[in-house]
There are 2 protein chains.
Amino acid sequence: MAKKIPPPPSGAAADPSDPAPGAGGEGRFGCAFSRRRNRYHHGDLAQALVTAVRTLVERDGVEKLSISGACRMAGVSSAAPYKHFRDRADILRALCREGFGELREAMATAAAAIPAPGPDRLAALGKAYLAYAEANPGLFGVMFGMKRELHDPEDTRTHEIAHANMLIVIAEVGAALGEDPPGEEAHRLACVLWTFVHGAATLTLDGDYEAAGVEVDTHAMIDLAAHRLVPAR
Amino acid sequence: MAKKIPPPPSGAAADPSDPAPGAGGEGRFGCAFSRRRNRYHHGDLAQALVTAVRTLVERDGVEKLSISGACRMAGVSSAAPYKHFRDRADILRALCREGFGELREAMATAAAAIPAPGPDRLAALGKAYLAYAEANPGLFGVMFGMKRELHDPEDTRTHEIAHANMLIVIAEVGAALGEDPPGEEAHRLACVLWTFVHGAATLTLDGDYEAAGVEVDTHAMIDLAAHRLVPAR
DNA sequence: GTGGCGAAGTTAGCGTTGCTCACATAAGTT
DNA sequence: AACTTATGTGAGCAACGCTAACTTCGCCAC
């Protein structure tokens, strides 16, 4: 059958199905997605796909995400991903890992900015969580909203990262309570705080506050929760 | 071109793509989905489709939901829904309305069971919310997790129902605080409580507590939050 | 009853998706 | 230079959402 189009779509690779007005100002080469020059092999297709999926998820929402679209953006055929990932869910799992890592960093940074342990530092932690969600709404939705479809019992890495995030909170609550090492009370309060902040993030992202017709000041809410829930020492 | 199969798949309509082990014990006729007898017209296809979608969502999760599957379950062709609904999202919106109505009833009932206003009644409200979510995990996910894709500016009904739910909570918090009519403080605290309870629901349903490796007693958490957040009078 | 009309079904088919196959190419090792 | 192996390609499958054109049947006027 020979070869109809030997080195495929030449160079311009950023054509994610619809025009995407002006979207990324990537040049002809060197953009994060496209293959290097006109090479047959991509270089790092796995990461390029994850990045493409991420930008598509942020641009159009999870529900409109298609792997085909990401392939178009990366400038490869729609069969290429399966050399690197088992299936669609596997790609999303890789994206999740990226996200959990970033979230953890963001929280650690925020905590370090507050000198002493206590409600204020916990509030800062919560605000960092919320800020990350608002800055990466699509990714956040994938990270926390697709557990059922992405769940893979063999994938321990993702769990470990998520657990590490939890440990940060528990440690901080323990420090605020003066428990060292953090005990049962710290554990319980950490869960309550995470639950609250996560609720704020999801309700914000999903537009549920608006839908319910209420106006909220999420930062004020976090401050209030942190100070009322964590008893003063 | 004549008629190949005049009254289509005779009677047995419960064949939603895969066997569905034992699933619904519906008889040959009279099940909630299938058309009445072998009639060409269904009777109430709109409701039957919503019901079918609901059971599929609960059985397989939102991500695996297909309208075709619901059609198979209702015993109609895959083009039939579009006589009643604009598109897929329209069907899901109808399902959401059903859910919000039920949720509201559940909360109202739970509140009525506690004699006096106060933290205990608020906790009961929250537990009812959580219980509804746990009893209808798929539906709950659709109701709150698909705002972006289901959003329709012309659909005011759904918003009204969601707002009505919020008003219940605000009124109860107002009563607990002794504010009548409920003021700004009641409003803010109601948002905080909803946020917390909603967070508990989503983290539970998505399996995030498990993923993070923590064990939680959600009822105890709700009690704690209600009592610490709502100041004693 | 009869006839016509419109609502609510039908089949056929389009374009897209996720994924698999057999094959082509390039990179690296010997 | 030859062989091996990782990584790409195109063709093609079944399923999906949705449209178009046609058929069936309930209902209402007469």
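Letters A, B, ... are given to chains in the order of the sequence lines, protein chains preceding strands, and every chain is numbered from 1.
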Does either side chain, that of Gln47(A) or that of Thr51(A), offer a donor lying less than 3.5 Å from an acceptor on the other one?
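There is such a pair (donor and acceptor under 3.5 Å, judged by atom type) between the side chains of Gln47(A) and Thr51(A).
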Using a 6.0 Å cut-off, check whether atom CD of Glu105(B) has over 12 heavy atoms from anything other than its own residue.
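No, because the 6.0 Å sphere around CD of Glu105(B) holds 12 heavy atoms or fewer from other groups.
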Calculate the interatomic distance between [X] atom [atom1] and [N] atom [atom2]; express it in whole Å.
X        : N       : atom1 : atom2 : result
Lys64(A) : dG17(D) : NZ    : P     : 16 Å
His84(A) : dT5(D)  : NE2   : C1'   : 13 Å
Asp87(A) : dC21(C) : CG    : C1'   : 17 Å
Phe85(B) : dG9(C)  : CZ    : C1'   : 15 Å
Tyr82(B) : dC16(D) : OH    : P     : 11 Å
Glu63(B) : dT17(C) : CD    : P     : 19 Å
Asp60(B) : dA15(D) : CG    : P     : 15 Å

Can you say whether the rings of His159(A) and His151(A) are parallel (under 30°), tilted (30 to 60°) or perpendicular (over 60°)?
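His159(A) vs His151(A) ring planes: tilted.
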Going by the angle between their ring planes, with limits at 30° and 60°, are Phe144(A) and Tyr129(A) parallel, tilted or perpendicular?
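Tilted.
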Between His198(B) and Phe140(B), does the ring centre distance come in under 6.0 Å?
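Yes, close enough.
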First of Leu65(B) and Lys83(A) reached from the 5' end of DNA chain D, by closest nucleotide
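Counting from the 5' end, the first nearest nucleotide belongs to Lys83(A).
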[N] phosphate, OP1 or OP2, under 4.0 Å from [X] side-chain N/O:
X        : N       : result
Arg72(A) : dT17(C) : yes
Ser78(B) : dG17(D) : no
Ser77(A) : dG8(D)  : no

Going by number, which of residues 89-98 of chain B have a non-hydrogen atom under 4.0 Å from DNA chain D?
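None, since no heavy atom is under 4.0 Å.
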Taking the minimum atom-to-atom distance to the side chain of Leu45(B), which one of dT9(D), dC19(C), dG9(C) wins?
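When the side chain of Leu45(B) is considered, dG9(C) is the closest of dT9(D), dC19(C), dG9(C).
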Apply salt bridge (charged side-chain N to carboxylate O under 4.0 Å, His left out) to Arg157(B) and list each qualifying residue two or more places apart in sequence or on a separate chain.
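For Arg157(B) there are no salt bridge (charged side-chain N to carboxylate O under 4.0 Å, His left out) partners, ignoring immediate neighbours.
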Charged N-O contact under 4.0 Å between Glu154(B) and Arg86(B):
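Between Arg86(B) and Glu154(B) there is no salt bridge, as every charged N stays at least 4.0 Å from the carboxylate O atoms.
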Find which nucleotide of DNA chain C each of Ile67(A) and Ala79(B) is nearest to by heavy atoms, and output the residue with the more 5' nucleotide.
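The residue mapped nearer the 5' terminus is Ala79(B).
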